[in-house]
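Encoded as structure tokens, the structure appears first; notes follow it.
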Protein chains: 2
Amino acid sequence: MSGAATGSRALATHPPERGGAVAPDTRARASKAGHVYREIKEAILAGTLQPGAPIDKAALCEKLGMSRFPVTAAINRLAFERLVTVEPQHGSFVARIALRDVRECMLVRRAIEGDIAAEVARRAGPDLAEALLRNLRYQGAAVAAGDRAGLYALDVAFHGAICGAVAFHHAEAMLDGLRARLERTRRILMTPPGRMAETVAEHEAVAAAIVAGDPDWARTAMRRHLARTAALFDGFAAENPALFFTVP
Amino acid sequence: MSGAATGSRALATHPPERGGAVAPDTRARASKAGHVYREIKEAILAGTLQPGAPIDKAALCEKLGMSRFPVTAAINRLAFERLVTVEPQHGSFVARIALRDVRECMLVRRAIEGDIAAEVARRAGPDLAEALLRNLRYQGAAVAAGDRAGLYALDVAFHGAICGAVAFHHAEAMLDGLRARLERTRRILMTPPGRMAETVAEHEAVAAAIVAGDPDWARTAMRRHLARTAALFDGFAAENPALFFTVP
DNA sequence: TTGCACAAGCTAGCATGTCAGTTCAACATG
DNA sequence: CATGTTGAACTGACATGCTAGCTTGTGCAA
């Protein structure tokens, strides 16, 4: 009986192919593994779990009230994102921040976001332009108020709006991964008070280029902006070597 | 090729604590999950498992002689790479190729590899130059012999040599993921016989720029080359719409 | 006191068992 | 004959027990 059933089904299946969705969170909707994944990731990004710290699976299982399976799956995903390193038969640890990794992430981010900005400039709609300009007005207000955290949030939203304008799922996922690795230092760093106005000016150049529909200008502006940001990271790292994991 | 020359350099620069390398294949050396992971991936890339085909876990377990755990772990990894889509309580399927994904992958690849080429041009050593030029000589021979498969292998090696010259682990991993998604179409595509000489010429321009140590030239040459490749993909997709999954 | 060998404890990887949700087809019913 | 219902079977998500390998602490010998 089982034989016949499997035979007919296996061959017949898959005409539907319902969704073209490749979304990463498709399965994360209500899964325990997805939950603990976000939990650990947030803890790492927030700094609650410091770089190099061991991840106690058993404690996590007990705390979250689930078995080791979802926890293991989540850690495997994080290992794939390079946010944790798992050493077989030894333990799982929060990945350390290597300065060279930060530099590399910024290089890749500059490359991708620069080209995305150019692409967005090609097919920008009036609604995006309006959203960017509104965001910029808020940024100006944040600078005037000296609100670093607010500016940071607006910064993230600004870049998110641009990257979201084109539906590049893979690129978005990649930038997300990059951002996740950068976030840990970024939360400490933010934008130095003296550089806030400068940052907004760079954003304005990017927005102007996109609104003007000039791809090359947009790419250049975005790359310049991210190069400055990378320089900020570097400077910060030079001043705070203890926070980073320099290769011995 | 990178062997003797890179030996001293690579070891000197990056022997950070034992876990320095988090490469996905580090743990895969002898792990069952890693084995089945490579197995399925290869099957997908080679086309043995066609896009949209269901993946029968049970059959895989039996065929490979292991329990469901390694198979599940491997499929989870592949799902993270977007090579398979897993629908909870329904089944796991080989991801379809979406034309927009191919375009997007090429855009990202062009962005990253362009900047990497520029970076490599900055710090290129004589050993890399020699390797590239030797590779180019082989490419010329492959063209002369009309060996498409050989040229393809040399193409991969050429790009690999450039990207491997800088130790950008994250970028390499990303490009690997991109390449994996592109590979399926690429194996069908390869380089059209009429374009082989053109491809080599583009490679020669890239190599010349790197050897000359001119970052901007290198970036431009690499971007031009990858733009051409993207155009090839597009043309192929236009001629063979049935092979692709056009998103609704 | 110092160096080494051994064993105990911990870890991730793996095997197996169970549960819940979905799909499809046979069946009863209008 | 069309249609709504129900049941079986398949699937992935999850729980739990076991195994192999690394780390480390301890005791013994030089």
Side-chain angles (χ1 to χ4, degrees), chain A residues 1-19 21 24-40 52-80 84-95, chain B residues 17-19 22 24-40 52-80 84-95:
Chain A
M1 52 180 77
S2 56
T6 51
S8 62
R9 188 198 54 76
L11 290 175
T13 30
H14 206 67
E17 88 150 57
R18 29 135 54 56
D25 46 9
T26 292
R27 63 121 76 87
R29 39 176 191 175
S31 104
K32 288 189 179 183
H35 176 241
V36 53
Y37 164 79
R38 286 189 295 273
E39 193 89 5
I40 302 179
I55 298 177
D56 191 338
K57 275 194 190 180
L60 266 171
C61 295
E62 195 176 357
K63 196 177 75 174
L64 299 176
M66 59 183 66
S67 86
R68 305 192 310 267
F69 189 95
V71 177
T72 299
I75 288 182
N76 279 342
R77 278 207 250 168
L78 290 165
F80 212 90
V84 316
T85 69
V86 38
E87 304 177 10
Q89 275 70 42
H90 181 207
S92 306
F93 306 88
V94 179
Chain B
E17 60 168 10
R18 38 105 65 56
V22 212
D25 46 9
T26 292
R27 63 121 77 86
R29 39 178 191 172
S31 114
K32 291 190 177 184
H35 176 241
V36 52
Y37 164 78
R38 286 188 298 272
E39 195 89 5
I40 303 178
I55 298 177
D56 191 340
K57 274 194 192 181
L60 266 171
C61 296
E62 194 176 358
K63 195 178 77 172
L64 299 176
M66 58 183 67
S67 86
R68 306 189 310 269
F69 189 95
V71 177
T72 300
I75 289 183
N76 280 341
R77 279 206 249 169
L78 290 165
F80 208 90
V84 314
T85 68
V86 37
E87 304 178 11
Q89 273 69 41
H90 180 209
S92 307
F93 307 89
V94 178

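Proteins come first, then strands; the chains are lettered A, B, ... in the order of their sequence lines, and each starts at number 1.
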TODO: Using the closest heavy atom to pick a nucleotide of DNA chain C for each, name whichever of A:Ile75 or A:Phe69 lands nearer the 5' end.
DONE: A:Ile75
- [ ] Fit a plane to each ring of B:Phe80 and A:Phe80, take the angle between them on a 0 to 90° scale, and name the class: parallel (under 30°), tilted (30 to 60°) or perpendicular (over 60°).
- [x] tilted
Open item on the list: Side chain of A:Gln89 only, heavy atoms from C-beta on: which candidate in C:dA15, C:dT11, D:dC14 is closest?
Closed with: C:dT11
- [ ] Between D:dG17, D:dA15, C:dC14, spot the one nearest the side chain of B:Lys32, thanks.
- [x] C:dC14
Open item on the list: If you compare every side-chain N and O of A:Ser92 against the phosphate oxygens of C:dA12 (OP1, OP2), does one of them come in below 4.0 Å?
Closed with: yes
Open item on the list: From the set C:dC14, C:dG17, D:dA15, return the single nucleotide nearest to any side-chain atom of B:Ser67.
Closed with: C:dC14
TODO: Using atom CG of A:Asn76 as one end and atom P of D:dA13 as the other, report the distance to the nearest whole Å.
DONE: 14 Å
Task: A:Val86 side-chain proximity, nearest of D:dT16, D:dG12, C:dA12 - done: C:dA12
- [ ] Answer with base, sugar-phosphate or nothing: what part of the nucleic acid does A:Ala33 contact at a heavy-atom distance below 4.0 Å?
- [x] sugar-phosphate
Open item on the list: Distance check needed: D:dA15 P versus A:Lys57 NZ, whole Å only.
Closed with: 14 Å
Task: Name of the residue among A:Leu78, A:Thr85, A:Ile75 meeting side chain to side chain contact (heavy atoms under 4.5 Å, CB included) with A:Ser92 - done: A:Ile75
Task: Selected nucleotide, minimal atom distance to A:Pro70 side chain, candidates D:dA15, D:dT11, C:dT18 - done: D:dA15
- [ ] Report the distance from atom NE2 of A:His35 to atom P of D:dC14, rounded to the nearest whole Å.
- [x] 12 Å
Task: For atom CG of B:Leu60 and atom P of D:dT11, their distance in whole Å - done: 12 Å
